[in-house]
There are 2 protein chains.
Amino acid sequence: MQEVRVFAPATVANVAVGFDILGFAIQRPGDEIVARRSTEFTGVRITTITGTGDKVLPLEVERNTAGTAALRLLEHLGLQDSVGIELEVHKRMPFGSGLGSSAASAAGAAVAVNTLLGSPLTREAILYFTVLGEEVADGSFHADNVAPCLVGGITLIRSNESLDIQHLPVPANLHVAVVHPEIEILTRDARAVLSDTVPLKTAIHQLGSLGSFVAALYTNDLPLLGRSLRDYIIEPQRKQLITGFDEVQQAALERGALGCSISGAGPSMFALCDSGYLAQAVGQAMQAAFQQRGVESQLYVSPINQQGVQILSEIS
Amino acid sequence: MQEVRVFAPATVANVAVGFDILGFAIQRPGDEIVARRSTEFTGVRITTITGTGDKVLPLEVERNTAGTAALRLLEHLGLQDSVGIELEVHKRMPFGSGLGSSAASAAGAAVAVNTLLGSPLTREAILYFTVLGEEVADGSFHADNVAPCLVGGITLIRSNESLDIQHLPVPANLHVAVVHPEIEILTRDARAVLSDTVPLKTAIHQLGSLGSFVAALYTNDLPLLGRSLRDYIIEPQRKQLITGFDEVQQAALERGALGCSISGAGPSMFALCDSGYLAQAVGQAMQAAFQQRGVESQLYVSPINQQGVQILSEIS
């Protein structure tokens, strides 16, 4: 294989009930990554990064999520001194949006490189290298964005340390509205507002909600899913960073969303709904609520993406 | 109906992963409760309490879990001034054992009275009165023992406040060894050793474990159940109250248990196993480990009790 082009989808992590351990993939937006063989060097080089607007992402492989994921995978296969790979990274989604931008680049690069090399590893097996890639961007080792980006669906992480991942069932009609407001939050700032302790009573509420959310997915019980979709731990601390949070959440719930909370570290917000039609209407209500506070936003409506990273083209 | 006699089973609450929100029922031990109509008074009277050994339980209805559950139920039906009910409470299990003794008396009384009155309410509908009964004993409103005692199986509580209860599936081969050591812990002491905050990282680990435990029950994945059955929050704080805890847990795991932790507030310990044969062997290994520390114990081995409170006899 000479060249592979992939699409790596955006993801919603935390999902209200599962801080750092739960995430799902959506259809759009996402990044495109191209991996191409080169005979002029060995190892990984990033040749092109597009779509970053007025921001700059590092071309240096060890400082770039896509580059690091690709290089760690190449090293694992023992090919770093015999194979040369050029990467193109085409950002098609905002960073710092809470939509797993760095995870998408890392997962896309790992799948593109693995495919370029004839797919020696399964997607589950490349998860580790993808997490190492994302770690470059946010400094912590967690898979709640990369796992659903890589394999699609709704993923639950028993342990980030051992990357013990479960694929949860996706109710047929479940759709999501994701609204990205034009507010800037850095992931590290979003982490800084969090207390490092949780009241025991709050932890108990969150455990009950997470357990019931998982049960709701297995039993296709969307009313239970709605009653369960509550963030007692993180949302009360982080919502102050999002202008209009309360009004947007209220607009989503009044329009009929099952639940609405912060996507990842924010500022994007997601709402789960029991139909695509409703998700569209809920998303528009959320946008209108942001607008009333003077905040412009983009809306993405989709079912849960069950595919994960998608191979767009291969050149032999 | 003139008289109803019921058996109310012991229960294992918390189950390592779900403090205050998870519990299951076992086959034995349990309490027997008799409810009998009387024409000599109206309301509820407790005529007999047996099996308390050298301890004393209050005969006064408002201070007794069984009496309170029965009276609240009678009041809900508007019959407290027209119907008289005598209760006999036959304790067949130790109190302060972590096996839901007070919950069993409350659930047994509520079912016996409801049955005596021609079963006007479902078991789900009498849960509230049963929780009110147990509250008399331990001062807090929670259903993690009474819910599985009442309806059997493994129950998950989204919210103790609203008593939103889910019945989780029970893997066919799942058996439990419960060992009750002759150590005394009062529920209020077991609560007093607990910090009222949890480190955020610990809460995340517990969320991952609880979610995976629930997923394991739905997918019949006993290895995952084993990997998930970890108590990061409560066990490290409470195990000091149980002489030999570490050795007993190690003995259970080495003999092949899926997991082993504290039953309820202790001192009883439970181990989940993938066969009845193994549960017997694991239980004996746990007893031997207690014995090595000079602690005598009783062993109960059973599948998960899927029936809950059982009606033993009815006299019309």
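Per chain, numbering begins at 1; letters A, B, ... match sequence-line order.
- In this structure, chain A has heavy atoms under 4.5 Å from both the backbone and the side chain of B:L200.
- The greatest number of non-hydrogen atom pairs below 4.5 Å with chain A, out of B:S228, B:G208, B:G211, is found for B:G208.
- Crowding of B:Y128 atom OH: a count of heavy atoms from other residues, nucleotides or ligands under 6.0 Å not exceeding 12.
- In this structure, no portion of B:S162 lies under 4.5 Å from any heavy atom of chain A.
- Of the residues considered (B:V17, B:T219, B:L156, B:I234), B:L156 shows the highest number of contacts with chain A, using heavy-atom pairs under 4.5 Å.
- Looking at every heavy atom in both residues, B:R227 comes nearest to A:R158 through O-NH1, 3.3 Å.
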> Could you go step by step and tell me if A:Q206 and B:Q206 meet the side-chain contact (heavy atoms from CB on, under 4.5 Å) rule?
Replying inline: CA-CA 10 Å; A:Q206 200 64 66; B:Q206 200 64 64; over 6 Å; no
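- We find the OH-CD distance between A:Y218 and B:Q166 to be 15.0 Å, quoted to the nearest 0.5 Å.
- With a 4.5 angstrom heavy-atom cutoff, B:S159 does not touch chain A via any of its atoms.
- Interatomic distance, B:H205 NE2 to A:D20 CG, rounded to the nearest 0.5 Å: 9.5 Å.
- Heavy atoms of B:I204 lying under 4.5 Å from chain A belong to its backbone as well as its side chain.
- Of all the listed residues (A:K201, A:E161, A:R230), the one sharing the greatest number of non-hydrogen pairs under 4.5 Å with chain B is A:E161.
- Between A:V198 and B:A203 the shortest heavy-atom distance is CG2-CB, 4.4 Å.
- In B:F95, the CZ atom is crowded: over 12 heavy atoms of neighbouring residues, nucleotides or ligands sit closer than 6.0 Å.
- The candidate with the highest count of non-hydrogen atom pairs below 4.5 Å against chain B, out of A:D164, A:I233, A:I157, is A:D164.
- When the candidates B:L210, B:L207, B:L224, B:N160 are compared by the number of heavy-atom contacts under 4.5 Å with chain A, B:L207 comes out ahead.
- In plain terms, the two heavy atoms of A:A215 and B:L168 that are nearest each other are CB-CD2, 4.2 Å.
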>> Is there a side-chain contact (heavy atoms from CB on, under 4.5 Å) between B:V214 and A:F213? Walk through the geometry before answering.
In response: CA-CA 10 Å; B:V214 173; A:F213 178 85; over 6 Å; no
